[in-house]
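Note: hydrogens, waters and symmetry copies are ignored here, and every other heavy atom, side chains too, is used. A quick note: this is a predicted structure, and the numbers were derived from the prediction, not measured.
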Amino acid sequence: MRNPALSIDVDRPTSRHVRQNANLLSDLLIEAITYLEGEEAAALVAKARMAASREDVANGDAPVLDHLFANLSTDQAVFLARAFASHSLLANIGEDVAGRRRHAEVDAQPGDERPRTLVDAVRVLKDHGKTDAELAKIFAAMNVVPVLTAHPTEVRRRSMVDRETEISRLMALRRHHLPPDLDAEIREGLFREIALMWRTRLYRPERITVKDEIRNALSIVRTSILPAIIDLYGDWTGKIGQHGHLAPLLKMGSWLGGDRDGHPGVNGDTLKLAFASQSRVILDWYAGEVRKLWSNLAVSTAYTPVSEELLALAAQTKDPSVHRLDEPYRLALELIFDRLTAVSQKLTGQPVAFANGDTDVEPYGHPDAFVADLGVIIDSLERNGGERLVGSALRTLVEVAKACGFHLMSLDLRQNADVHERTLDELFRRAGTGAAYLKLDEDARCKVLIEELSHQRPLVSPFTAYSEETAKELATMEAAAQAVRDYGHGCIGAYIISKSATLSDILEPLVLLKQVGLVWGGAAPRASVKIAPLFETIGDLENGPAVLRQWLELPLARTILGDRPVQEIMLGYSDSNKDGGYVASRRGVARGASALAFEADRMGVGLQLFHGRGGSVGRGGGPAAEAVLAQPAGTVQGRIRMTEQGEMIARRFGDQPTARRNLDGLAAAVLMSSERPVNQLDPKVEAAMTALAEASFHGFRALVYDDPAFEDFFWSVTPISEIVGLNIGSRPASRTASRKIEDLRAIPWVFSWSQARFMLPGWYGFASGVERAGLSVEQLRDLAGNFDFFASLLSNMELALAQSHMGIAARYVGLSPDKVDAARIFATIQREHEAASGLALAIRGGSALLDNQPDLAESVALAGRSVDPLNHLQLELLSRRRAGDQDEELRLAIQLTVAGIAAGLRNTG
């Protein structure tokens with residue numbers, strides 16, 4: 001049932017602002033519906049909202065609302081689903097503008113005094129004795145990379161996001177005291193935007209394409225992420241730039257267009273599209289900045305000398321104007337602008353913004369040459385008494401250029417190890433090597449692969465016809481090779497190997513990349529692309545350190561990693577959660593990280609961990625900075641990459657202030673975590689945590705995999721069947737056509753549980769694990785007080801428990817045709833929920849979930865008010881669908897409830 005803590009304290013200033021905002025937006029929605037649809041339609045919405053406001057809805061028992069929904073026609077159901085979903089979106093905006101959610105990622109909790117910005121983190125370290133030289137060394141090694149990824153269950157359309165952005169902007173203006181006429185004008189603007197939103201489709205008629213995903217993400221990058229990065233480098237350059245060059249301390253990565261694991265729509269063409277689209281964004285910004293500098297630096301040699309290097313650069317321009325012969329800075333900047341135009345024409349087929357048509361100058365062959373030309377300007381100004389004339393804009397341009405190059409975001413390639421095996425098997429067979437690769441054992445495979453890397457002879461022939469799968473793999477890798485030639489080595493972040501379990505899984509893509517010139521074989525093989533195995537399941541996480549050791553012991557590994565060897569490893573939160581539950585997954589990732597760091601250090605190699613986190617608690621979600629600080633000591637090492645998926649991209653980076661705050665907080669957390677001393681974990685803490693993880697693993701498996709009725713329970717009591725058929729993501733929901741849970745992708749697994757309000761992946765197994773391990777509350781308190789990892793685990797679990805709603809979940813159980821097994825399984829789940837909630841409170845000493853985080857508690861309560869009636873409507877519609885009603889309008893209504901619930905909970909998995 002709903003926890004009493006999850007209510008709104010109307011006396012809190014933020015609560016009053018939230019309430020005022022929500023009421024205004026709700027009134028405007030009704031006004032828009034009345035204006036566009038008529039009084040009768042508005043009356044239906046008002047009647048439904050009145051029924052939804054009854055107290056019994058919060059407990060999952062809503063007879064009045066259920067009676068109303070049961071008597072709706074399909075058209076009315078579609079209409080009300082739109083109304084409730086729109087109300088849910090507007091409620092989020094009202095809360096955001098009130099100032100709470102924007103700060104949620106980085107605001108301190110009581111007693112938390114950690115630095116929230118990189119500048120503050122530097123100050124703290126200097127106060128603790130760090131010298132400028134030591135800080136410069138730290139910055140030189142730092143690499144903080146949020147990686148944007150597509151989301152198989154992303155439900156928001158770009159056009160809806162545009163409406164939300166404009167509504168947010170207008171609402172923000174109302175925070176100020178305004179004259180009545182201006183306030184009325186803004187209110188009318190809000191009405192117009194809400195009316196347009198009402199007439200805009202919430203759903204997609206067709207499945208989203210990779211092109212759509214690239215365009216949607218780049219829209220946020222262009223409007224908020226890139227401006228935030230520019231702001232940060234400008235700020236950092238002025239306040240901590242004395243510690244050395246900062247870029248590329250922070251940069252962005254992406255999987256959009258390069259992640260082909262189980263994705264039939266990703267290929268070489270999408271890779272090219274992604275790079276060209278990204279390149280246009282960053283080159284246009286560079287061009288704009290160069291034009292501003294050109295306007296400002298009308299510096300004449302009649303008044304100041306300039307460097308010989310600047311004169312040589314200026315002499316290369318083809319500007320015929322006699323008015324600028326004594327203005328070498330302008331002439332040099334014209335040359336830089338023309339060369340940027342040439343780069344854009346080469347990479348995107350279009351000139352940069354503001355260009356005067358085509359140019360016949362030589363394009364920059366590499367971003368370093370662009371940075372070098374800017375350096376000539378800076379050096380000339382500084383050497384001739386104009387250091388203060390350089391200003392932050394020019395230095396910031398240089399730092400951003402170092403971080404973003406001509407590609408803006410580094411693009412990762414990802415593929416499943418099974419595909420690599422099949423591709424190599426075909427290549428070996430067609431090349432006549434005699435190796436039946438798929439039939440070889442692990443040792444034999446490694447021997448064959450190492451031999452293949454010892455020479456330059458290719459396996460691929462242009463005169464051989466290959467299968468569709470193999471041809472697609474080779475074409476994608478060739479596109480990557482061309483990208484490296486066009487954009488430079490930094491354009492490819494890493495080659496991620498999904499389902500990595502053995503040494504051969506690491507060697508296979510190296511052999512494949514050798515076929516396109518990204519790996520060079522011989523006595524000392526080299527590579528221009530990083531290889532990163534992804535350890536996903538609990539077993540793979542446990543075995544990962546041994547695989548890493550095998551890899552690093554190979555002589556060829558050292559030459560491939562280069563002079564300053566750093567090995568990247570990706571850790572999977574999603575599949576490990578689906579494999580062993582929340583506690584075992586988190587523990588498996590943490591232990592794996594520590595063991596990998598130990599092995600890498602023992603072998604004299606740096607480690608960069610790539611955390612494959614999702615948006616939900618069950619998939620590693622939660623505040624990014626907090627997650628970094630909870631990492632085991634010695635595992636961050638100044639370097640970290642982590643995925644940002646789907647709706648979390650808009651939530652964490654949807655506007656420039658929020659993006660800046662989160663990126664700055666992440667960089668600060670990486671710096672502080674890297675400087676934390678590595679201390680041996682108390683053996684008692686280690687033993688207790690290990691016992692809890694193992695016991696939790698068995699408790700989770702007993703329900704999800706060992707109970708023969710659970711698979712049918714899952715498919716019947718959650719909307720997974722309907723989610724699989726919806727156009728909400730470009731990637732299939734399952735790796736195969738089976739209904740097996742192990743074949744289902746982790747994201748729709750989590751999404752389904754959140755739609756039905758179980759939130760099961762974020763907490764199930766904890767309480768039964770505590771019982772099985774025989775741990776007392778006192779032991780758990782000691783763990784939480786002395787182990788940051790466990791404290792973070794509990795905090796995130798408490799949020800998932802608060803977001804769940806067992807009353808509504810019980811209603812979904814009623815959808816199951818097997819009443820006996822469904823009741824039995826739900827009773828087990830409900831007992832676990834009650835026990836986990838009780839333990840969370842007992843450990844913390846609280847009286848209600850989230851009562852130590854009132855802002856977060858209010859957020860959850862607000863979401864419930866918007867989403868609860870949508871759940872009741874979804875239940876009615878699912879009942880009709882499963883009773884045989886195949887009306888297309890009914891399917892649309894279900895899709896609208898899915899979108900509305902996901903928007904209200906801000907959680908699609």
Side-chain angles (χ1 to χ4, degrees), residues 105-106 114-118 121-122 125 137-149 225 229 232 236 246-255 403 409-410 412 490 493-494 496 530 532-535 541 544 548 564-574 586 589-601 605-615 619-645 648-649 652-653 659 662-676 678 788-789 792:
E105 288 293 311
V106 294
R114 67 178 172 85
R116 326 308 290 185
T117 70
L118 185 64
V122 168
L125 291 180
K137 186 176 180 181
I138 292 169
F139 283 137
M142 281 187 72
N143 187 42
V144 182
V145 190
V147 180
L148 308 184
T149 72
I225 296 178
I229 289 174
L232 285 172
W236 294 342
L246 298 171
L249 177 156
L250 170 70
K251 54 191 177 186
M252 297 299 297
S254 174
W255 278 12
M409 300 185 289
S410 59
D412 288 348
I496 312 296
K530 300 173 185 174
L534 166 53
F535 299 124
L541 287 166
L548 176 63
R564 297 180 178 178
V566 174
Q567 177 63 52
E568 180 169 302
I569 304 285
M570 187 170 183
L571 304 174
Y573 290 70
S574 303
R586 287 297 181 90
V589 169
R591 289 191 72 180
S594 292
L596 289 165
F598 175 82
E599 286 296 340
D601 183 66
V605 171
L607 180 69
Q608 175 165 289
L609 292 177
F610 184 3
H611 295 267
R613 304 168 73 236
R619 297 186 53 249
E626 179 183 306
V628 171
L629 291 168
Q631 294 303 311
T635 64
V636 177
Q637 301 180 13
R639 299 177 287 263
I640 197 166
R641 298 210 301 153
M642 56 175 57
T643 51
E644 295 287 0
Q645 288 190 326
M648 298 309 299
I649 295 174
R652 288 184 175 142
F653 309 111
N662 283 308
L663 291 171
D664 203 1
L666 177 62
V670 170
L671 179 59
M672 296 304 296
S673 184
S674 301
E675 292 305 299
R676 189 171 60 210
V678 179
D788 288 344
F789 163 79
S792 176

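Annotation: side chain of L232 is not in contact with side chain of L118 (no heavy-atom distance under 4.5 Å). Residues V566 and Q637 fail the side-chain proximity criterion, which asks for heavy atoms closer than 4.5 Å. Between S674 and I138 there is no side-chain heavy-atom pair separated by less than 4.5 Å. Side-chain atoms of S410 and K251, non-hydrogen and from C-beta on, never get closer than 4.5 Å to each other. You'll find the side chain of L571 reaches within 4.5 Å of the side chain of I569, heavy atoms only. Using a 4.5 Å heavy-atom threshold, the side chains of L250 and P146 count as touching. The shortest side-chain heavy-atom distance between L629 and D788 does not fall under the 4.5 Å cut-off.
Between the R639 side chain and the L609 main chain, no donor and acceptor come within less than 3.5 Å of each other. Not one N or O on the side chain of R586 forms a donor-acceptor pair closer than 3.5 Å with the backbone of F789. A distance-only check finds no donor-acceptor pair linking the side chain of T643 to the backbone of V147 [under 3.5 Å]. Between the side chain of Q631 and the main chain of A627, a donor-acceptor pair closer than 3.5 Å is present.
A search for salt bridge (charged side-chain N to carboxylate O under 4.0 Å, His left out) contacts involving D412 returns R641, not counting sequence neighbours. Applying the side chain to side chain donor-acceptor pair (under 3.5 Å) criterion to Q608, with sequence neighbours excluded, gives N143, E568.
To the nearest 0.5 Å, atoms CD (E644) and CD1 (I649) are separated by 7.5 Å. Taken from CD1 in I640 to OG1 in T635, the straight-line distance is 7.0 Å, to the nearest 0.5 Å. Residue L541 holds its CG atom at 8.5 Å from CG of L534, rounded to the nearest 0.5 Å.
Scanning both residues, F535 and L596, for their nearest heavy atoms gives CE1-CD2, 4.3 Å. Here the closest heavy-atom approach between residue A669 and residue A625 is recorded as CB-O, 3.6 Å. Nearest heavy-atom pair, R114 versus E626, reported as atom, atom and distance to 0.1 Å: NH2-N, 4.2 Å. Between A532 and Q567, the shortest heavy-atom distance links the atoms CA-NE2, 4.4 Å. When every heavy atom of L249 is checked against every heavy atom of A667, the shortest pair comes out as CD2-CB, 4.3 Å. Closest approach of P248 and A403 over heavy atoms only: CB-CA, 3.9 Å.
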Check your understanding: Where do L663 and M252 land on the side-chain contact (heavy atoms from CB on, under 4.5 Å) test, with the steps shown first?
Key -> CA-CA 10 Å; L663 291 171; M252 297 299 297; 4.3 Å; yes

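Ring-plane geometry between F610 and W255 is classed as perpendicular, the angle between the planes exceeding 60 degrees on a 0 to 90 degree scale with a lower cut at 30.
For the side-chain hydrogen bond (donor to acceptor under 3.5 Å, both in side chains) condition, the pairs that include at least one residue of residues 589-599, sequence neighbours left out, are R549-E599, E599-R602.
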